[in-house]
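Notes follow the structure.
Every chain is numbered from 1, with letters handed out A, B, ... down the list of sequences.
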Amino acid sequence: MEQLLREKTATIVNNLYGTNFSAQEITVSQTAKEFVGDFTVVIFSFVKIAKKNPAEVGKEIGDAIQKEITDIESYNVVKGFVNFKLKNEFWNNFLLKASADENFFLLPLTNKKIMVEYAGPNTNKPLHLGHIRNIFIGYSVSEILKAAGNEVVKVNIYNDRGIHICKSMLAYQKYGNKETPQTKNIKGDHLVGNYYVKFDQELKIQIAGLMAKGMKEEEANKNAPLNIEAKEMLLKWEAGDSEVRALWEMMNGWVYEGFNKTYNLIGCDFNKHYKESDTYLLGKKIVEEGLKKNIFYKRLDGAVCVDLTTDGLNEKVLIRSDGTSVYITQDLGTADLRYKDFEPNQMIYTVANEQDYHFKVLKLVTEKLEKKYAAGINHLSYGMVDLPSGRMKSREGTVVDADDLIEEMIRTAKEQTIELGKTENFTEVEAEKLYYELGMGALKFFILKVDPRKRMIFNPKESIDFHGFTGPFIQYTYARIQSVKRKAGIDFKSSSPIIKANDSELQLLTQLYLYPNIINEAANNLDPALLANHIYLIAKSFNSFYADNSITQAETEELKNYRLLLSDLTGAILKRGMKLLGIEVPERM
RNA sequence: GGUCCGGUAGCUCAGGGGAUAGAGCAACAGCCUUCUAAGCUGUGGGUCAUUGGUUCGAUUCCAAUCCGGAUCACCA
């Protein structure tokens, strides 16, 4: 209807005043609540051209549109706004059609294949709150893109090799006493992470010792035995040393096992996991080819570089002077392999905005190499999660661990639910499932309701809310609707009531009607927050409606059917929308 | 220093050229013998960082300034 209004207005204005407006230039919005109407066309820009007063212009446009669009019942002009009120039949038709057809809200296929990379952890420490935001965003964006008619391939990337991986391996070799996740009874990723921390602690001691002997910090850092040994280990790894490789396989195996447990808890999934250990050699080959084609050059010290100064960036090293690969080398290989595997039209990288520069470089370099996928490279750059004190720092122990946070959310959900006595007649299994859904729902919604591009602040001292603009609020609304339907116990779906909607019904209908637009917008902007905000609006509208109107005790049977139909549709959309955010809704709570 | 992102209520966030700037939390006041009160209704709370400009209209766009963050690695 909004689009229709835009098109008709453009045509009418162009005919009337000899202008050349396109439909997209016309502003159409929801009518503000203090005025009568459903949708509003803003006509300020035509008033000047027409050289008439707003009331006249409004009348000309209003009359013409009312003639063109049969669904419009009336209109009124206030200043430069023309407010259109739709006929009851329009809303009744919408409600009936949307209720009868499960596919009513499906958007047309785009025939595009989009790859979304998300998660992307290093295999030397467990997942933290930063990964949580990454995973929630990446998963939800993937689901939203699917709902908007795209084919989506979800992929993960493991940064599973390099000096930082060797550090935890070395520390384990030195101080590990052959312990395993089984003997210590902790998750593998946490065990390995402990040794990454241990390395840093021991290194600090060594550096302090060397500095006491008169070395400067930089020098001490270079000469610390642990750092030297770590570098040696990396060389051994690259040379394929069997002992180092065996240790690497074992420890990474533990980490993957740990990660998989967390993924399961979060409820995310991937079509394929890539590992940088598999792609860095491929990346090297690509750089060599570029060198041969003179796209890159070899510096005197032997490093292979690309000159990006004409693009406003700096010189960038693609292969180190000692011949080993850097981060971008691996990414070049990974991109190439992925394109071979899936041939996507677009590759979206869900990576924090601290890497904006890196992705600019990656895109430029693939363009220079004339890779077919270069244009489709798209960095979904999300803001980092900070603490009130600033950035999370693993060295200072301020990192919020993913597993701990999830566990705490579920525990809080349990406490609050039991306090409210909501699960008294639940079985043990049902209750645990509910606590999980509520805890995860609160966490996911808390993260996803914020614009991904913006930095957000998480205060570990303040527990995440279960009231107001939250996941549980929407879950509660859904459960409430299901409860009403159970109580009603009639077949309302086969009815087709002819009702004049009251204010709160109309408000709810309008929000439901706008749902597909929001999906499209969220997909175009890669922004789950738009969806989260809208679902909240729907739930809020329902709860107002629920408070104002009796559903099962409505005045007439027809009205009862109508309200049940409306409630049912609301529930269905809440469930669909939450699913796209990765959040389950309970039938009872 | 260059580049990029941000600054909206006490706190966390919406709104990104249109009507009197909105939510949630926190505070306060009401609403459960009737469909689930994790709910609903109301009250208080704002120099939309500052200053200029463009416009019929600017919190929104542009410029400058101030404040915060990121980045400019042979780290990833």
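- Nearest nucleotide to the side chain of A:Ala547, out of B:C40, B:A70, B:A37: B:C40.
- Residue contacts for A:Leu438: at a heavy-atom cut-off of 4.0 Å it reaches a base atom on one of the strands shown.
- The local environment of CG in A:Asn517 is crowded, with over 12 non-hydrogen atoms from other residues, nucleotides or ligands closer than 6.0 Å.
- Proximity of A:Arg480 to the phosphate of B:A37: a side-chain N or O atom is located under 4.0 Å from OP1 or OP2.
- Under 4.0 angstrom from either OP1 or OP2 of B:G6 there lies no side-chain N or O belonging to A:Asn353.
- Centre separation under 5.5 Å together with a plane angle under 30° holds for the ring of A:Phe35 and the six-membered base ring of B:A19, marking them as stacked.
- Nucleotide B:G16: unpaired (no Watson-Crick or G-U wobble partner with both distances less than 3.5 Å).
- When heavy atoms are screened at a 4.0 angstrom cut-off, A:Ala479 is found touching base atoms of the nucleic acid.
- Residue A:Lys454 has a polar side-chain atom (N or O) positioned under 4.0 Å from OP1 or OP2 of B:A14.
- Among the protein residues, A:Gln475 comes within range of no part of the nucleic acid, since none of its heavy atoms lies under 4.0 Å from any strand.
- The side-chain tip of A:Arg133 does not point at the ring of A:Tyr382 from less than 6.0 angstrom away and within 45° of straight on.
- A donor-acceptor contact closer than 3.5 angstrom is absent between the side chains of A:Gln507 and A:Ser504.
- Aromatic rings from A:Tyr196 and A:His164 are positioned such that their centres are separated by 6.0 Å or more.
- Remark: the separation of the P atoms in B:A14 and B:U33 is 40 Å, to the nearest Å.
- Side-chain nitrogen and oxygen atoms of A:Lys540 include none within less than 4.0 Å of the OP1 or OP2 phosphate oxygen of B:C40.
- A sub-4.0 Å separation between OP1 or OP2 of B:U41 and a side-chain N or O of A:Ser544 is present.
- In this structure, A:Asn459 reaches neither bases nor backbone, as no heavy-atom distance under 4.0 Å exists between it and the strands shown.
- Here A:Asn549 lies in heavy-atom contact (under 4.0 Å) with a base.
- For A:Gln330, whose side chain is taken as the heavy atoms from C-beta onward, the closest listed nucleotide among B:A76, B:A38, B:A70 is B:A76.
- Nucleotide B:C31: paired with B:G39 (Watson-Crick or G-U wobble, both distances less than 3.5 Å).
- Counting any heavy atom pair closer than 4.0 Å across all strands shown, A:Tyr357 reaches sugar-phosphate atoms only and no base atom.
- Not one side-chain nitrogen or oxygen of A:Thr552 sits closer than 4.0 Å to the OP1 or OP2 atom of B:C35.
- Between the side chains of A:Thr423 and A:Tyr435, at least one donor N or O lies within less than 3.5 Å of an accepting N or O.
- Residue-to-nucleotide proximity on RNA chain B shows that, of A:Arg391 and A:Ser45, the 5′-proximal contact is made by A:Ser45.
- The separation of B:C61 from B:C4, taken at their P atoms, amounts to 15 Å, rounded to a whole angstrom.
- Within the 4.0 angstrom heavy-atom criterion, only backbone atoms of the sugar-phosphate kind lie near A:Ile457; the bases stay farther away.
- A distance of about 12 Å separates the C1' atoms of B:U59 and B:A49, rounded to the whole Å.
- For B:A76, neither phosphate oxygen OP1 nor OP2 lies less than 4.0 angstrom from any side-chain nitrogen or oxygen of A:Lys167.
- Look at A:His467 and you'll find a side-chain N or O under 4.0 angstrom from OP1 or OP2 of B:G39.
- Here, B:U41 and B:A23 have their P atoms 10 Å apart, quoted to the whole Å.
- You'll find a donor-acceptor pair under 3.5 Å spanning the side chain of A:Asn83 and the base of B:A19, going by distance alone.
- Ring stacking holds between A:Phe81 and B:A19, with the centres under 5.5 Å apart and the planes within 30 degrees of each other.
- Counting atom types as modelled, A:Thr40 pairs a side-chain N or O with a base atom of B:A19 as donor and acceptor under 3.5 Å.
- Comparing A:Val317 and A:Leu530 by the nucleotide of RNA chain B that holds the closest heavy atom to each, the one mapping nearer the 5' end is A:Leu530.
- Side-chain N/O atoms of A:Asp38 and A:Thr31 include no donor and acceptor closer than 3.5 Å.
- At the heavy-atom level, A:Val450 lies under 4.0 Å from the strands shown only through sugar-phosphate atoms.
- Nucleotides B:U50 and B:A9 are separated by 11 Å at their P atoms, to the nearest Å.
- Taking atom P on both B:U8 and B:G30, the two are 34 Å apart, rounded to the nearest angstrom.
- The separation of B:A27 from B:U20, taken at their C1' atoms, amounts to 25 Å, rounded to a whole angstrom.
- Within a 6.0 Å sphere centred on CD of A:Glu34, heavy atoms belonging to other residues, nucleotides or ligands number more than 12.
- Considering only side-chain atoms of A:Val42, the nucleotide from B:C35, B:G18, B:G39 that sits closest is B:G18.
- Comparing the same atom, C1', in B:A76 and in B:U54 gives a spacing of 45 Å after rounding to whole Å.
- Relative to the side chain of A:Leu420, the nucleotides B:A38, B:A23, B:U36 differ in distance, and B:A38 lies closest.
- Ring-plane geometry between A:Tyr349 and A:Phe359 is classed as tilted, the angle between the planes lying from 30 to 60 degrees on a 0 to 90 degree scale.
- Residue A:Met384 places its side chain closer to B:A70 than to any other of B:A76, B:A70, B:A38.
- Checking the phosphate oxygens (OP1, OP2) of B:A38, a side-chain nitrogen or oxygen of A:Lys422 falls inside 4.0 Å.
- Across all strands, A:Ser29 comes closer than 4.0 Å to no nucleic acid atom at all (heavy-atom distances).
- We find that the ring of A:Phe44 and the base of B:G18 stack, their centres lying under 5.5 angstrom apart and their planes tilted less than 30°.
- Figure legend: A:Lys85 and A:Tyr75 shown without cation-pi pairing, the cationic atom not lying both under 6.0 angstrom from the six-membered ring centre and within 45 degrees of its axis.
- In this structure, of B:A76, B:G69, B:U36, it is B:G69 that holds the atom nearest to the side chain of A:Arg455.
- A:Thr477 contributes no side-chain N or O that forms a donor-acceptor pair with the base of B:A38 under 3.5 Å.
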